[in-house]
Protein chains: 2
Amino acid sequence: MGDTEDRRVLRTKKRIRDTFAELIEEKGLDRVTVKDLTEQADINRGTFYLHFHDKYDLLEQSEAEILNGIKQIAKELDDVDMNNWKKENGPHPAAEKYFTYLKEHALFVRAVLGPKGDPGFQRKMKTLIADGIKKKFAGKERKSQPFPADYLIAYLVSAHLGVVQHWIENGLQESPEEMAKIISSMNYDGPLVASGLKKDSS
Amino acid sequence: MGDTEDRRVLRTKKRIRDTFAELIEEKGLDRVTVKDLTEQADINRGTFYLHFHDKYDLLEQSEAEILNGIKQIAKELDDVDMNNWKKENGPHPAAEKYFTYLKEHALFVRAVLGPKGDPGFQRKMKTLIADGIKKKFAGKERKSQPFPADYLIAYLVSAHLGVVQHWIENGLQESPEEMAKIISSMNYDGPLVASGLKKDSS
DNA sequence: GAGGTAATCAACACCGTGTTGATTTTCTAG
DNA sequence: CTAGAAAATCAACACGGTGTTGATTACCTC
C-alpha cells in the first residue's frame with residue numbers, strides 16, 4: 001500500500017530519468033523531445049504521459065527530488081551546528097554528507113547544472129545555499145557597511161556553486177572533505193590568501 | 001556599401017532582438033517560438049527566416065554581439081594595465097567602462113543571464129572573465145598550493161558573475177565605479193573582511 | 001523616378017505533442 | 001499458483017509550430 005510500490009513504474013521512471021539526464025547533457029534540455037527520450041529509453045511514448053504531464057513536469061519532479069535531499073541534509077547540519085560544534089574541529093559536520101550526496105546524484109546534477117542544463121535549477125540551488133549562509137551570519141554584526149549585504153550573499157553563494165560545478169564537471173576528483181575545506185578556507189581567509197597567492201593581511 | 005545598411009533590415013532585426021529579450025524573460029528561452037516572436041514583434045514569420053536560420057541562430061548572434069563588446073573592453077583594459085597604471089589610483093581603468101557596457105545592454109543580458117535564460121551564455125561569460133583573471137595572475141607565484149588553481153579561478157569567476165547578476169536583476173542600483181570596488185575588495189581582502197563581518201586577519 | 005531588395009502573404013509537407021481506446025504484458029495479493 | 005488489477009504497448013487522431021517556396025507588394029538607395 002506504499003505510494004508507488006509496483007516494480008514496473010519504478011523501473012520505467014528510473015529509465016526515463018536516467019535517459020533524461022543523458023540526453024540533457026548530449027543535446028541540451030530544450031532540444032530534448034519526449035519522442036527522443038522514450039525511444040532512447042526504449043519505452044512507449046504513451047507510457048511517458050502515464051507518469052508525467054510533459055517534459056517540464058519531469059524536470060520539476062527530478063529537480064525537486066534532489067533539492068529535497070539537500071534540504072534534508074541542511075536540516076541535520078543546523079541541528080548539529082547549534083549544539084555540539086564550536087568551530088575548528090573538523091572541516092564541517094554534515095558538509096561532507098552534502099558533497100557525498102551530490103556525488104551520488106552526479107549524473108543528473110551535472111546535466112542540469114551544465115551549460116546545456118536548466119538555469120532555473122541553479123537559481124534554486126542558490127536559494128538553498130543562501131539560506132544556509134544567512135543562518136550562519138544570523139546574530140553577527142557588521143562593523144562597517146561598505147555595500148548592501150545582498151552582495152556579500154550573492155558573492156558567497158555564487159562562488160560556492162561555481163566551485164561545486166567545477167568539481168562535478170571535472171570528474172569529482174577531491175574528496176568531500178577536501179571540498180568542504182577548499183570552500184570554507186576561501187570564504188574565511190579570502191580566495192587569494194587561501195590559495196597561497198597573497199600573504200595573510202599584507 | 002556597408003554590410004547591412006538598409007534601414008529596413010536594421011529596423012526588423014532590432015525589433016526581433018528586442019522582442020526576443022522580452023519573451024525570454026516572460027516565458028523562458030525554450031518556450032519562445034518563432035511564431036510568438038514574430039507575432040509580438042509584428043513581423044511576418046517568413047521575414048524572420050530571411051535573417052536567421054532558427055531560434056538558436058538568433059540566440060547565438062545576439063550573444064556573440066554582447067561578448068564581442070566585452071572582449072573589446074577587456075582588450076583596452078589590458079593595454080592600459082600594462083603601461084600607466086600601478087594599483088590604488090582609482091578602482092580600475094576600464095572596469096567602469098565594462099559595467100557601463102553591461103548597463104547599456106541590460107535588457108538582453110538580464111534575460112539570458114536570468115533563471116529562464118541560457119546557461120550556455122553564463123558559461124561563455126565565465127570563460128571571458130576567467131581569461132581576464134588569469135592575465136592578472138600571470139607571473140605571480142603561489143607560496144603554498146592547498147588545492148588546484150582551477151578552484152581559485154572557478155571561485156573568483158563565479159563570484160564575479162554572481163555579483164553582476166545580482167546587480168542587473170536588482171535594477172542596476174550602484175554605479176559602475178561602486179560595482180568595481182565591491183567586487184575587487186571582496187576578492188582582495190576576502191568577502192568577510194570586505195563586508196565588515198570580520199576584522200582584518202583576526 | 002527606376003531598379004533592386006526587403007517585407008508580406010498564402011500554401012505546403014513535416015514533425016513532435018498530448019490524448020484516446022483497445023489490447024497485451026506484468027505484477028501483487030490472496 | 002492463480003485471478004484480478006494495474007501498467008505498458010500500439011495505432012490513430014487533431015493540433016500547433018517549423019522551415020521553405022513562389023508570387024506580390026512596399027520601401028529604400030542611388
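All values reported here derive from a predicted model rather than from experimental measurement. Below, chain A is the first sequence line, B the second, and so on; all start at residue 1.
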*So, do Phe147(A) and His166(B) have ring centers that fall under 6.0 Å from each other?*
no
*Arg142(B) side-chain N/O to Ser195(A) backbone N/O, donor-acceptor pair under 3.5 Å*: yes
*asked:* Treating primed atoms plus P, OP1 and OP2 as sugar-phosphate and everything else as base, which nucleotides of nucleotides 8-18 of chain D get B, S or - for protein heavy atoms under 4.0 Å?
replied: BBB------SB
*asked:* Rounded to whole Å, please give me the gap between CG in Asp6(B) and P in dA26(D).
replied: 17 Å
*When you look at Gln165(B) and Lys126(A), which way does the side-chain hydrogen bond (donor to acceptor under 3.5 Å, both in side chains) test go after all the steps?*
CA-CA 12 Å; Gln165(B) 277 178 294; Lys126(A) 283 190 179 181; 3.3 Å; yes
*Please report, rounded to the nearest Å, how far the P atom of dT20(D) is from the CZ atom of Phe48(B).*
11 Å
*Is there a donor-acceptor contact under 3.5 Å from the side chain of Ser185(B) to the main chain of Ile182(B)?*
yes
*asked:* Between C1' on dT19(C) and CZ on Phe52(A), what's the gap in Å once rounded to a whole number?
replied: 18 Å
*Output yes when Glu39(B) and Lys35(B) qualify as a salt bridge under the 4.0 Å nitrogen-oxygen rule, no when they do not.*
yes
_Spacing between His53(B) atom NE2 and dT20(D) atom C1', to the nearest angstrom_ = 10 Å
_Verdict with reasoning, Tyr151(B) to Glu174(A), per side-chain hydrogen bond (donor to acceptor under 3.5 Å, both in side chains)_ = CA-CA 11 Å; Tyr151(B) 283 103; Glu174(A) 285 84 30; 2.6 Å; yes
_Atom pair distance, as rounded to whole Å: CD in Glu39(B) and P in dT8(C)_ = 13 Å
